[in-house]
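Notes follow the structure.
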Amino acid sequence: MSSPASASEAVNFGLLHPKVRRWVWQQGWSELRDVQDAAIPAILSGDTDVLIGAATAAGKTEAAFLPICSKLADHSGPGIQALYVGPLKALINDQFRRTEELCEALEIRTHRWHGDVAGTRKQALLRDPSGILLITPESLEAMFVLRGTQIARLFAALQYVVVDELHSFLGTERGAQLLSQLHRLEIAIKRRVPRIGLSATLGDMSLAADQLRPDHGDRVTILESAASGQELRLQLRSYVDERPDTDEDASMAVRGIADHLFANLRGRTNLVFANARSRVELYAAELADRSLANGVPNEFHAHHGNLAKELREDVEAMLRDPTKPTTAVCTTTLEMGIDIGAIAQVAQIGPPPSVASLRQRLGRSGRRDEPAILRAYCATVAIDAETPLLDRLQLPLVQTIASIDLLLGRWCEPPEPSRLHLSTLIQQLLSLIAQHGGAKPAEAFRVLCGRGSPFSNVTTTQFAELLRTLGAKDVLTQAGDGTLLLSGRGEPAVNHYTFYAAFQTPEEYRIVHSGRQLGTMPIDFPLYEGLLLVFAGQRWRVVAVHEEDRVVQLTPSPGGKPPGLGESSGQVHEEVRARMRTLLEGDLSPAYLDQQSRALLEQARREYATLELDKCPVVADGSDTLLFPWTGDRRLHTLAAIFNASQMDTAVDDAALRLVGTSREAALTAVTTVAERPAPDPHALARKVEGKATEKFDSWLSDELLCDQYVSAHIDCVGAVESATRLKQAMTATDPP
DNA sequence: GACCTGCTGCGGGTTG
């Protein structure tokens, strides 16, 4: 079965070091995968960045490390030769075990460095740097801050940088931090080092390449696996609650889903993704109850970020143990490539946050020759005369189908285009000052915002304002010769260990209604007047945000849907919404729908036609009017901001815009106005948004810079006007003036 | 409008 001869048939296999080839033979591999073979000449050449896109089990790590180790086996000397950056400590531990085996045979030393690694091991590496270093961005930041003067020496011999799970960094503060660190590293050693990015879910490889090597994406070699992945078995089942406003903990739909999971998952190792921590707890408890009632050992366990580390590790160990059938009910915690063994089935309850995350989740199942199995579930309410208009359209079900269809079509969301990450620029500026004990403004701008850095879209004007604001807030001060130094607030910030992470751990806000505190919740998204949210099982509208006291005031919202259902989440991409519209206007039912889902989809289509939404996407809902632009969340929120700015009370409501207390005629006029006027000034809109300071160092930005940052991340005026124009065209086709 | 990620140096105690 595993013949050494066929491994050598691969075109480029012979280019690997003899000892690496021997190691491959010893693994009993019958052949190299396509990306593994293609990566060999690209990486060995040492003069190009490489982006490797391939499914989870396709051996991306080996694709990077077989050629890297070949190179190091011949050219290893003192100093760190290869730097691997991973997003999770657990992932680093896994990769450390895997690479160590290969590297032992080649006499290449491997080191891991993160918060759980003993100080003595770190000291040993600093004394005698060599081989391959596996590290987190946060630990790398600590190196810059605490050992700034040693950076050039430690990395003088660096030949490769590997970024694992690249998708988890792109478009985020942490990604801007990592790319800034890599840029600073190259400046310290005065040469470019090839970067190798690994991921299964990049959506658009050339957009990802532009971010892996900012300003020079065209220099990246893109390798995408042609392997179509394994066979997929798939079913979407829907469960209906007859009585929507039940006070019971678990509704009929929840019990129906739990029954089905219990009947179909026991005896094997599975993952159930339930989207929210509260749902994870609910389903884990329901499943444990069923084990008890049936007198069988419980195989179902919760896994999410608020659980103690020990509990989570217990569950992970059970998943890895092939003798112990285990199902973990989890949030995104088990989405990424930590080794948890062979997963038989993946279940998804409710719409996935994105198509990319659904693909990532599915990638956990059906390794080797087994088919991947995806069980999708949708809980919804029965429709009667009282059901609110939006619920009649079964949007969560339609979104789930749209996401699965896009997945089957091999599409997933492209990485967010690069935006301003000014909070992280502040972190990098303070880190740079700590690294060198001070920095001249022009030099700091060149290093942090020059070509090839993730901040190259920051202008000199913006940078100057940033410095002024940091001076005014006593974060920085300037010496007589102009050198920037840390001062009153900057010094303690940098000297505390919490400085090294670029991301914010969300603060808790107090949630208040008519002077009574309803509870607290972490706020990690912009809050503004008119925003709709669900809290403590009820639907609310934000009436005020007091940032200083961390208080949010709410008032009950009219026309809401039953709490806890229709959980929408994340930033829904316009491609998903476009597919939802196509589904509602079409008449084909995907083969993977069960009978109930099929009936619900047909019912939603009848409602859609009855409301004549296919003819005019503007419809009255009581005293409100709903608009259906069928576009992504960014445009929806921009449109809402534009309407709010012209004194129309507007909120994003699932896939629709709700114009509160606005007649259909007034809404039609408002849409026409937006469509016909030039696009509004994005800054003017941003100024009206409360609570823009959501990232870690945002409180040190001026209002003007906060607006710049908010516009780059959340506002799309041109797109909003385009959506309004399409709405207007659809309206005038049916409502002649 | 959900979820997740990460972290130094040192002092004090215990174990081999």
Side-chain angles (χ1 to χ4, degrees), chain A residues 85-92 113-120 122-123 126 135-147 164-165 167-169 172-175 177-178 181 273-280 303-307 309 312 330-338 349-354 356-357 360-361 396 427 431 434 492-506 509 521-528 530-535 539-542 552 564 566-572 632-634 636-637 640 651-655 691 694 696 714:
Chain A
V85 188
L88 304 172
K89 290 185 288 192
L91 184 60
I92 286 175
W113 185 314
H114 56 65
D116 297 345
V117 172
T120 49
K122 296 175 180 175
Q123 290 301 329
L126 293 171
I135 198 167
T136 60
E138 288 73 23
S139 285
L140 192 54
E141 198 66 62
M143 273 191 168
F144 274 107
V145 171
L146 301 171
R147 307 168 215 279
D164 204 357
E165 304 284 7
H167 64 275
S168 73
F169 291 109
T172 69
E173 300 298 320
R174 208 176 180 205
Q177 173 188 31
L178 170 59
Q181 292 170 331
F273 291 95
N275 287 1
R277 288 185 289 247
S278 57
R279 290 303 174 94
V280 165
H303 192 285
H304 62 71
N306 279 21
L307 291 176
K309 197 176 174 223
R312 289 166 63 171
C330 57
T331 57
T332 58
T333 40
L334 292 173
E335 194 172 289
M336 259 193 297
I338 307 168
I349 304 174
S354 66
S357 80
Q360 194 77 28
R361 290 168 183 191
Q427 184 214 30
S431 170
V494 174
N495 290 329
H496 196 266
Y497 66 90
T498 53
F499 174 76
Y500 309 125
F503 54 84
Q504 166 91 304
T505 307
Y509 273 57
M521 67 188 275
I523 304 289
D524 48 6
F525 54 91
L527 278 175
Y528 51 86
L531 182 78
L532 296 176
L533 52 84
V534 174
F535 187 76
R539 202 144 226 260
W540 308 90
R541 163 184 298 278
V542 173
V552 179
E567 52 189 282
S568 65
S569 56
Q571 286 270 0
V572 180
D633 277 348
R634 181 169 172 151
L636 279 184
H637 281 283
V652 175
D653 197 348
D654 203 319
T694 56
K696 190 168 175 184
H714 298 293

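Everything numeric here is computed off the predicted structure, so don't read it as measured data. Residue numbering restarts at 1 for every chain, and letters A, B, ... go by the order of the sequence lines.
Note: CG (Leu334(A)) to C1' (dT5(B)) measures 14 Å, nearest angstrom. Atoms CD (Gln504(A)) and P (dC4(B)) sit 16 Å apart, rounded to a whole Å. When the P atom of dC3(B) is taken as reference, atom CZ of Arg361(A) falls 11 Å away, rounded to whole Å. Rounded to whole angstrom, the span from the CD atom of Gln360(A) across to the C1' atom of dC4(B) amounts to 13 Å. The separation between Asp164(A) atom CG and dT5(B) atom P is 16 Å, rounded to whole Å. Atoms CZ (Arg277(A)) and C1' (dC4(B)) sit 9 Å apart, rounded to a whole Å. Atom CD of Glu173(A) and atom C1' of dT5(B) are 13 Å apart (whole Å). Between the NE2 atom of His303(A) and the C1' atom of dA2(B) there is a distance of 17 Å, rounded to whole Å.
Formation of a donor-acceptor pair under 3.5 Å by the Gln181(A) side chain with backbone atoms of Leu140(A) is not found in this model.
The phosphate of dT5(B) has OP1 or OP2 within less than 4.0 Å of a side-chain N or O from Arg312(A). Of the side-chain N and O atoms in Arg174(A), none sit less than 4.0 angstrom from OP1 or OP2 of dC4(B).
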> Quick one: what's the B/S/- string for nucleotides 7-16 of chain B, heavy-atom cutoff under 4.0 Å, read 5' to 3'?
Replying inline: BBS-------
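The nearest pair of heavy atoms linking Thr333(A) to Gly305(A) is CG2-N, 3.7 Å. Nearest heavy atoms, Ser357(A) versus Glu335(A): CB-OE2, 3.5 Å.
Using a 4.5 Å heavy-atom threshold, the side chains of Gln427(A) and Gln177(A) count as touching.
Applying the salt bridge (Lys or Arg N to Asp or Glu O under 4.0 Å) test to Lys122(A) and every residue at least two apart in sequence or in another chain returns nothing. Residues forming a salt bridge (Lys or Arg N to Asp or Glu O under 4.0 Å) with Arg312(A) (at least two apart in sequence, or on another chain): none.
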